[in-house]
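Below: the structure, in structure tokens.
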Amino acid sequence: MKYSPVFKCFVAGVAICAAVLSSAADKKLKIGFAQTGAESAWRTANSDSMKAEAEKRGIDLKFSDGQGKQENQIRAVRSFITQRVDAIVLAPLVETGWDNVLREAKRAKIPVIITDRTIQTTDESLFVCFIGSDFFEEGRMAADWLGKATGGKGRIVELQGTPGSAPANDRRKAFAEGIAKFPELKIIDSQSGDFRRAGGKEVMEAFLKKHGKNIDIVYAHNDDMALGAIQAIEAAGLKPGTDIKIVSIDAIKEGVQAVADGKINCVVECNPLFGPKVYDTIEAILAGKEVPKKAFNKDELFDKTNAAAALPKRQY
Ligand code: AHR
């Protein structure tokens with residue numbers, strides 16, 4: 001389905017076509033953004049990118065913080081439909097349970113752009129496109145790096161992200177597949193820290209209590225949980241990065257700094273600064289142009305070979 005003003009002309013009739021076209025040209029775009037919450041530094045950087053770029057382009061952005069609850073995000077999308085926004089951006093907390101509200105947006109002829117996290121649906125026409133990182137690739141990169149850096153040996157504890165979310169599901173699956181190539185790399189425990197620093201610290205404390213010195217590696221689904229785990233490891237009198245190796249995902253400034261300091265061994269990037277790409281895509285959709293169904297951001301990897309040099313240029 002195309003969402004251009006030209007499309008609306010056919011619906012509304014030729015008499016008001018010229019008026020629609022001229023007002024569309026100078027109308028301020030009204031966009032609703034249903035964000036998951038503010039669980040991590042990554043999330044804050046993503047919200048800031050969306051807000052700053054909207055301001056730069058003179059877009060009227062209706063921002064809603066879902067506070068980690070899917071029902072809040074569904075309510076926000078419904079309110080955007082009522083407000084007759086030009087487009088809806090949804091960063092879905094979890095993968096499932098979106099079809100009904102997306103159907104309502106489609107019925108209202110409001111294009112929906114899914115960002116950051118993918119959804120599971122039987123009807124891909126319910127959203128126009130997806131923009132974000134390839135979480136599966138990130139998990140694979142973390143596993144490959146670890147396999148090489150450890151000589152394929154070690155007992156791993158995993159700090160998972162939010163249960164049911166695409167990054168937790170994909171990073172978990174890809175990592176497990178990646179380390180399967182190394183029979184002596186084993187996940188001995190795995191729990192959710194909900195992508196939060198306090199969650200990572202709490203779960204790591206429990207892992208240390210349960211497994212004592214039998215932990216060689218932490219695989220954290222994000223930097224915030226890795227940084228929380230570092231606090232727990234240091235409190236237990238151990239040296240993060242040396243006694244226990246740490247691999248995580250995001251590459252927030254603090255994460256890359258921890259790599260430069262030797263406390264984290266490797267971070268895989270997950271770039272949150274895609275506000276400009278989202279608005280370029282929305283403008284293209286509203287101009288009636290075709291856009292790719294899935295556009296993945298390119299992510300890098302930082303370890304002791306490149307972290308310090310990369311720090312001055314990190315933007316989040
Ligand atoms: O969906 C992206 C993930 O969500 C980031 O890795 C994490 O930090 C955030 O909370």
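Just follow the structure's listing: the first ligand is 1, and inside any ligand the first atom is 1. Keep in mind it's a predicted model, so treat the numbers as computed, not measured.
If you chain together hydrophobic residues whose side chains sit under 4.5 Å apart, Val247 and Leu208 never meet in one group.
Heavy-atom separations between Asp250 and ligand 1 include at least one value shorter than 4.0 Å. The shortest separation from a heavy atom of Asp224 to ligand 1 is not under 4.0 Å, leaving the residue out of contact. Ligand 1 has at least one atom lying under 4.0 Å from a heavy atom of Arg171.
Between the side chains of Ser64 and Gln73, no donor N or O sits under 3.5 Å from an acceptor N or O. For Asp123 and Ser125, the side-chain atoms include at least one donor-acceptor pair closer than 3.5 Å.
Summarising the local packing, NZ of Lys313 is surrounded by 12 or fewer heavy atoms from other residues, nucleotides or ligands at distances under 6.0 Å. Crowding of Lys30 atom NZ: a count of heavy atoms from other residues, nucleotides or ligands under 6.0 Å exceeding 12.
Which parts of ligand 1 touch Phe135 is read off a 4.0 Å heavy-atom cut-off, strictly below it: atoms 1 (O). Interface of Ser40 with ligand 1, defined as ligand atoms under 4.0 Å from a residue heavy atom, comprises 7 (C), 8 (O), 9 (C), 10 (O). Those atoms of ligand 1 that come under 4.0 Å of a heavy atom in Pro167, given as number and element, are 1 (O).
Shortest contact from atom 3 (C) of ligand 1 to any protein heavy atom: Arg117 NH2, 3.8 Å. Of the protein's non-hydrogen atoms, the one nearest atom 2 (C) of ligand 1 is Asp116 OD1, 3.2 Å. With respect to atom 10 (O) of ligand 1, the closest heavy atom belonging to the protein is Glu39 OE2, 2.5 Å.
Salt bridge status for Lys213 with Asp243: absent, with no side-chain N to carboxylate O gap under 4.0 Å.
A cation-pi contact links Lys293 to Phe127, judged by a cut-off of 6.0 Å to the six-membered ring centre and 45° from its axis.
Checking only distances, Arg43 does come within under 3.5 Å of ligand 1, N or O to N or O.
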